[in-house]
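Below, read A as the first sequence line, B as the second, and so on, with proteins coming before strands; counting in each chain starts at 1. Worth saying up front: this structure is predicted, and the values here are computed from it rather than measured.
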Number of protein chains: 2
Amino acid sequence: MPETQRRPESRYGNRPTMKDVAARAGVGLKTVSRVVNGEPGVTPETERRVQESIDALGFRRNDSARVLRKGRTATIGLVLEDLADPFYGPLSRAVEEVARAHGALLINGSSAEDPEREQELALALCARRVDGLVVIPAGDDHRYLEPEVRAGVATVFVDRPAGRIDADCVLSDNFGGARAGVAHLVAQGHRRIGFIGDMPRIHTAAERLRGYRAAMEDAGIPVADAWMSLGATDPARVRRAAEEMLSGAAPVTAVFSGNNRVTVTVIRVLAEQVRRTALVAFDDLELADLLQPGVTVVAQDAAALGRTAAERLFRQLDGTLLAPERIELPTRLITRGSGELPPAD
Amino acid sequence: MPETQRRPESRYGNRPTMKDVAARAGVGLKTVSRVVNGEPGVTPETERRVQESIDALGFRRNDSARVLRKGRTATIGLVLEDLADPFYGPLSRAVEEVARAHGALLINGSSAEDPEREQELALALCARRVDGLVVIPAGDDHRYLEPEVRAGVATVFVDRPAGRIDADCVLSDNFGGARAGVAHLVAQGHRRIGFIGDMPRIHTAAERLRGYRAAMEDAGIPVADAWMSLGATDPARVRRAAEEMLSGAAPVTAVFSGNNRVTVTVIRVLAEQVRRTALVAFDDLELADLLQPGVTVVAQDAAALGRTAAERLFRQLDGTLLAPERIELPTRLITRGSGELPPAD
DNA sequence: CCCGCATCTGACAACGTTGTCCAGGCTCTA
DNA sequence: TAGAGCCTGGACAACGTTGTCAGATGCGGG
């Protein structure tokens, strides 16, 4: 029994290590390390021999071991809501680009709007010792991250603020954007304006609702309960909500739609109606300008959100960062027709 | 000078280790390991003490060290083209879901259609010892992965086949889909049918072009060079290409568009034309049914591609897999109006 | 009362890498 | 030619975890 310790099962399929490379090249272990890391102090001739050995064996440095030794993983984590949502694609890509510029890789996971899953994911990433974490919160209590933050994990929240923890946040001006969007409808002469949004427990949804209410109040219009749908996100329920506020004795003449997923359904419903109803939607859509009429939107810049957050993350990692801050990015009203339809009553 | 070796800079901000937990709980290191991993053989009382210690110190197991010891990372890598592309969002999400079901995390990176960057990314993932790799190829030579595959990295290619290496591939039936789409246009009476696609060096683009040619040949229609645009992907060039084939003495009466990015531009151009030109597009679009006319598409199932690839990857990891295979998923023609317009000449 | 056995616990090595430090050989100068 | 100083290379420990194995403890039976 020559081995006292059984090798763990299928350990990397027995990859060559620096030791193997060193043995083959007839040099010391550390010399190989030097070559691999481009450190100075190796003769060209030695370097050549080592390099040849590396190529011959198909050696690739084991970053797990490296990380263990160095303490930095050059990896950041991104916890988002749903990678398949067209809003998060560009955001994620922007984070990735910044990470790449800093030589880091990106691990990401979707929380599917489930706070528990968000926590599970974030902590799994911490266990892997990501250097930093960009989180799009699903839950509203992030105290579970406190030990991690104290331990030095850089953390930035995006799109929605952190709950019960003092941390950097990068947000869109949801309130201002919604307010401006609704005000735009008011300016076209609308008074009965519907709002279809997500559950108010989601911060962005709550803020947009607040913007809606503010704009209505600015205009001195009392809001009827029947004009608001909160929390219906699946197509069927959105459809029902939209149809309801479009029917009855005093139907809404305009709708403000609270996010991109709601919008696609609302557009469908409006297209089926005889009466032309105005629409302003939060979040831009790919083909919004080609519809009849074009969809007027309050656009947020998903890529900018991601970029800003990631840049801030790396500034935390540089150590050049001071107190947590809340950064709010402006939204932009893009008029394309649907928001400029006059009231049709 | 009590320490012979300086601590690496800011090593995890001095996180507690199992040793610290053990010391505080007054137990041995291994006992903590047992508790953390839920291994049997620990008295409830001891376990309680250890758990208390863990909570008090905010300990979290360092997975890097764990990986180093165990040899499996429970992480898979996904190299795709552009996370911001709406086609890859669902694909990526599907891979993530499968990974999650197997208790693995997902690292992903975008190659931006650059073979060098693809290689760099894939190898970086291998250095991190991901258990497996799902690759959407940008390049056409993947021999660089051979040592990795031999070393036991499970590998599956998606959307496009691997180059010069024998590996699992999961593809859409690009040829068949394009052929059916073009045949559909022929069936409406079109004879002058344009094709606007990506660079033929991209496999999917080449296959779709082949499908176009095949359908035309089936119909006995010789293809004019002026009807084809290959490799223009940025909006400006697509626009020019489209406008060109729509003008002149014998303009095309129908266009087959080779991918989603091309399609959005083509739709814009067609909308500006007086004459109605038919369109069938490869890849579905979010609001395709709401345009006037609705866009007839050859839809592929991005999520199914991702799911199938990831499942195959994990079957490789289970060791239940045999020879590399090429799996082709069917596409679906969805008629919505634009593809049913008759020739307008 | 002591032995044997089962159960629980801990010491130790090893995973693959990098930081430190020292040895040996070389060059250059006095 | 000897000494100082530089350059290259290697031995060794340490990073935090887990597998192995042996020691300790307690209990029941002979």
Polar side chain donor-acceptor pair, N62(B) to T17(B), under 3.5 angstrom: no

Electrostatic pair E325(A):R312(A) at N-O distance under 4.0 angstrom: yes

Using atom [atom1] of [X] as one end and atom [atom2] of [N] as the other, report the distance to the nearest whole Å.
X      : N       : atom1 : atom2 : answer
K70(B) : dT17(D) : NZ    : P     : 13 Å
E39(B) : dG10(C) : CD    : P     : 14 Å
M18(B) : dT9(C)  : CE    : P     : 16 Å
L68(A) : dG16(D) : CG    : P     : 7 Å
N62(B) : dT17(C) : CG    : C1'   : 14 Å
R48(B) : dT9(C)  : CZ    : P     : 13 Å
K19(B) : dC12(C) : NZ    : P     : 12 Å
D20(B) : dG16(D) : CG    : P     : 8 Å

Heavy-atom donor-acceptor pair, R34(B) side-chain to dG10(C) base, under 3.5 Å: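 Yes.
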
Quiz item: R69(A) side-chain donor-acceptor pair to dT17(C) base, under 3.5 Å: no

Partners passing salt bridge (Lys or Arg N to Asp or Glu O under 4.0 Å) against D159(B) (at least two apart in sequence or in another chain):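 D159(B) satisfies salt bridge (Lys or Arg N to Asp or Glu O under 4.0 Å) with no residue once adjacent residues are dropped.
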
Under-4.0 Å side-chain N/O to phosphate OP1/OP2 contact, N37(A) with dT18(C): yes

N/O (side chain, S33(B)) to phosphate O (OP1/OP2, dT18(D)) under 4.0 Å: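 S33(B) to dT18(D) OP1/OP2: side-chain N or O found under 4.0 Å.
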
Residues in side chain to side chain donor-acceptor pair (under 3.5 Å) contact with R160(B), at least two apart in sequence or another chain: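 Counting only residues at least two positions away or on another chain, R160(B) forms a side chain to side chain donor-acceptor pair (under 3.5 Å) with E113(B).
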
With T204(B) via side chain to side chain donor-acceptor pair (under 3.5 Å) - residues at least two apart: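 T204(B) satisfies side chain to side chain donor-acceptor pair (under 3.5 Å) with no residue once adjacent residues are dropped.
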
Residues touching DNA chain C, which here means a heavy atom under 4.0 Å, drawn from residues 25-32 of chain A: L29(A), K30(A)

Residues that [X] engages under side-chain contact (heavy atoms from CB on, under 4.5 Å), provided they are two or more places apart:
X       : result
A154(B) : L313(B), Q316(B), L317(B)
A124(B) : L105(A)
R93(B)  : D82(A), L83(A), A84(A), S110(A), A112(A), R117(A), E96(B), E97(B)

Qualifying salt bridge (Lys or Arg N to Asp or Glu O under 4.0 Å) pairs, either residue in residues 131-141 of chain B, two or more places apart: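 Applying salt bridge (Lys or Arg N to Asp or Glu O under 4.0 Å) to every pair that reaches into residues 131-141 of chain B, excluding sequence neighbours, yields D141(B)-R143(B).
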
Identify whether any heavy atom of [X] sits under 4.0 Å from a base atom; if not, whether one sits that close to sugar-phosphate; answer base, sugar-phosphate or nothing.
X      : result
R61(A) : sugar-phosphate
T17(B) : sugar-phosphate
D63(B) : nothing

Summary of ring-ring contact (aromatic ring centres under 6.0 Å, His included) pairs that have at least one residue in residues 107-136 of chain B, sequence neighbours excluded: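 Residue pairs with at least one partner in residues 107-136 of chain B: there are none.
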
ring-ring contact (aromatic ring centres under 6.0 Å, His included): pairs with one or both residues in residues 115-138 of chain A, sequence neighbours excluded: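 Matches after skipping sequence neighbours: none remain.
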
Report each atom pair, protein N/O against N/O of nucleotides 4-8 of chain D, whose distance is under 3.5 angstrom.
from   : atom 1 : to     : atom 2 : distance (Å)
dT8(D) : O3'    : T43(A) : OG1    : 2.8

Partner of H142(A) by side chain to side chain donor-acceptor pair (under 3.5 Å), out of Q119(A), E118(A), E148(A):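 The option that passes is E118(A).
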
Difference in axis direction between the ends of the helix from dC1(C)-dG30(D) to dA30(C)-dT1(D), five pairs, 10°: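 Both end axes considered, the difference amounts to 60°.
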
